Amino acid sequence: MQAPSVGGVMLPRGNGQAVRLSRGASLTDFAEKINANPASLVGVMMNLGEMVTATQSVPDETLKMLADEMNFVLEIVSPEEEDRELLESFDIEFGEDEGGEEALVSRPPVVTVMGHVDHGKTRLLDAIRKTNVVAGEAGGITQHIGAYQVGAEVNGEDRKITFIDTPGHEAFTAMRARGAKSTDIAILVVAANDGVMPQTIEALNHAKAADVPIVVAVNKIDVEGADPVKVRGQLTEFGLVAEEYGGDTMFVDISAKQGLNIEALLEAVVLTADASPDLRANPEQDAQGIAIESHLDRGRGAVSTVLVQRGTLRIGDTVVVGDAYGRVRAMLDDNGQNVQEAGPSTPVLVLGLTNVPGAGDNLLVVDDDRTARQIAEKRAARERNANFARKGVRFSLENLDEALKAGLVQELNLIIKGDASGSVEALESSLLQLDVGEEVDIRILHRGVGAVTESDINLATGSDAIVIGFNVRAAGRAEQMAEREGVDVRYYSVIYQAIEEIEAALKGMLKPEYEEVELGTAEIREVFRSSKLGNIAGVLVRSGEVKRNTKARLLRDGKVIAESLNISGLRRFKDDVTEIREGFEGGINLGNFNDIKIDDVIATYEMREKPRG
Ligand code: GDP
């Protein structure tokens with residue numbers, strides 16, 4: 001069989017051969033793997049009805065479709081899988097406890113607090129921390145390191161619980177987005193005076209998706225008008241049925257402000273943990289864990305709060321955390337005390353890393369500095385490549401037009417952050433009033449008062465949104481993160497300027513319409529048979545001109561016999577030419593299509609973008 005040809009370029013046939021590509025690969029990456037010309041793959045995609053540029057990162061389905069077309073069997077490798085393979089090449093396995101059953105010892109549950117904004121997550125985390133009498137006795141000053149551990153007495157037993165102490169659930173989302181499971185139990189905070197709100201549902205879905213059991217903290221019961229029973233009723237609709245109603249979710253009515261029922265909540269967490277399978281780890285092996293929060297400290301260099309998940313982390317250990325590495329120089333616990341070692345479910349602040357890892361990066365202890373450096377460098381290189389490929393994946397106002405043409409977006413997702421609720425609302429309502437026709441929708445995914453946060457960037461990353469900061473800037477690592485993820489963050493201080501710019505981008509982003517334009521027709525006068533090229537049509541061009549590499553259809557007695565053919569070869573006498581004009585004779589090769597007869601008509605056409613009225 002002949003190789004399929006697109007635009008005159010021969011394509012490799014996979015014949016069922018397997019190709020591995022990283023998630024988010026571009027056509028150029030694909031072409032490299034199969035030794036093809038990237039432009040030819042762009043051509044195939046166009047034939048398949050999709051406009052994709054060679055360097056843009058394309059969705060899994062698109063890569064699959066392309067692979068099918070060329071008869072390759074495609075395997076898409078997720079970043080987690082790639083990392084696993086990288087570690088395997090160093091004989092390291094991440095995520096599994098070493099040894100058998102007998103090596104496992106029970107460990108404290110790791111808990112994340114989630115819920116709608118203003119329902120009291122921060123206040124609750126503060127209230128819980130205050131119950132940590134142990135810290136008070138030790139005279140330590142509680143430090144905010146992104147996680148802490150408290151004690152709780154349940155059924156006469158002293159138990160520990162580890163809380164991830166990042167307000168909101170950004171750490172959770174970030175870690176989930178990266179496939180790193182860090183949380184055993186989620187506390188869903190719902191204010192009893194407000195009830196179930198959009199972010200309540202979002203948080204609930206996050207927890208469910210990660211298969212994390214939920215304990216519901218019905219907060220603010222001290223407030224007048226609080227209706228904890230109503231909250232129970234509302235959550236039933238989302239599959240969270242309270243134990244007292246025959247379900248299996250524990251609900252605890254609390255007041256974070258008054259410190260009411262905090263112990264009962266901790267007890268519910270412990271009981272839920274006991275009911276969930278296998279909160280155990282091997283404390284004896286080399287430590288593995290996850291980075292929760294990291295930053296660059298003026299005096300101490302890169303500091304990172306890590307949660308040890310298995311094994312025991314000790315001072316002097318050689319570690320890799322994401323693309324950072326180093327020797328553990330010192331460790332501090334959540335009371336600011338120096339510690340020598342940290343076992344499973346213990347959060348510690350680690351000093352001694354070369355640079356700042358990201359939230360959700362995994363930590364592992366390795367045998368020597370060289371291994372650590374090599375793993376870190378390989379990860380950094382991969383990250384750079386991925387960034388490179390990702391450029392242009394996410395949308396900026398400038399490339400919206402392109403993205404839309406490629407069929408990648410039909411709506412503009414926006415996240416609006418501003419300095420005051422008045423300005424945010426004004427901006428939002430003006431944007432929603434923009435008249436941009438029916439094909440494009442503006443969707444405000446999230447709005448709020450305050451700086452652009454990592455959580456905003458996370459949301460934008462997951463939903464290809466553009467972030468607008470009105471009289472506010474990015475906070476903390478949000479800027480770097482936006483840069484890394486290729487998220488477009490725009491800052492404005494004048495409302496009409498913001499609106500003008502977005503309107504302009506949207507006008508450009510209106511979906512183009514295409515129409516078919518006939519280019520020329522040619523009548524077949526003779527059929528030559530070539531052993532190399534198949535049948536060649538000897539033609540007389542009747543109208544317009546016939547150009548090489550254009551689309552064609554074949555007509556016989558006025559009926560269409562074949563569609564989507566390609567003028568892959570064009571000759572006048574012995575010479576290859578690019579076009580033959582009306583009234584001239586020549587030879588046409590239709591690639592591997594050979595069913596041609598004398599008197600058939602070859603009509604060529606192209607798709608042109610219709611100008612907008
Ligand atoms: P977050 O956005 O979920 O972290 O909410 P915060 O913890 O910042 O709480 C939002 C507001 O509700 C703050 O003004 C808190 O003081 C208040 N708040 C939190 N918990 C309670 C509570 O149990 N009772 C009352 N009356 N107010 C509370």
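If you're wondering where the values come from, they're calculated on a predicted model, not measured in any experiment. Atoms within each ligand, like the ligands themselves, are counted from 1 in listed order.
Polar contact check, Gln258 against ligand 1: no nitrogen or oxygen pair lies under 3.5 Å apart. Taking only nitrogen or oxygen atoms, main chain and side chain alike, Ala256 reaches within less than 3.5 Å of ligand 1. An N or O contact shorter than 3.5 Å is missing between Ile254 and ligand 1 by distance.
With 3.5 Å as the limit, one finds a donor-acceptor pair spanning the side chains of Arg379 and Asn362. Asp194 and His119 share a side-chain donor-acceptor pair at under 3.5 Å.
Heavy-atom contacts of Val117 reach the following atoms of ligand 1: 2 (O) (cutoff under 4.0 Å). Each of the following atoms of ligand 1 lies closer than 4.0 Å to a heavy atom of Val223: 25 (C), 26 (N).
When ring centroids are compared, Phe470 and Tyr492 stay outside the 6.0 Å threshold.
Contact of the Val449 side chain with the Asp419 side chain is not registered, since no non-hydrogen atoms from C-beta on lie closer than 4.5 Å.
Using a 4.0 Å cut-off between heavy atoms, Asp118 contacts ligand 1 through both its backbone and its side chain. At a 4.0 Å heavy-atom cut-off, ligand 1 touches Thr122 through backbone and side chain alike.
Rounding to the nearest 0.5 Å places NZ of Lys220 at 15.0 Å from CG of Asp253. Atom CD of Glu479 sits about 11.5 Å away from atom CD of Glu454, to the nearest 0.5 Å.
Within the set Met114, His116, Lys220, His119, the minimum heavy-atom distance to atom 17 (C) of ligand 1 is found for Lys220.
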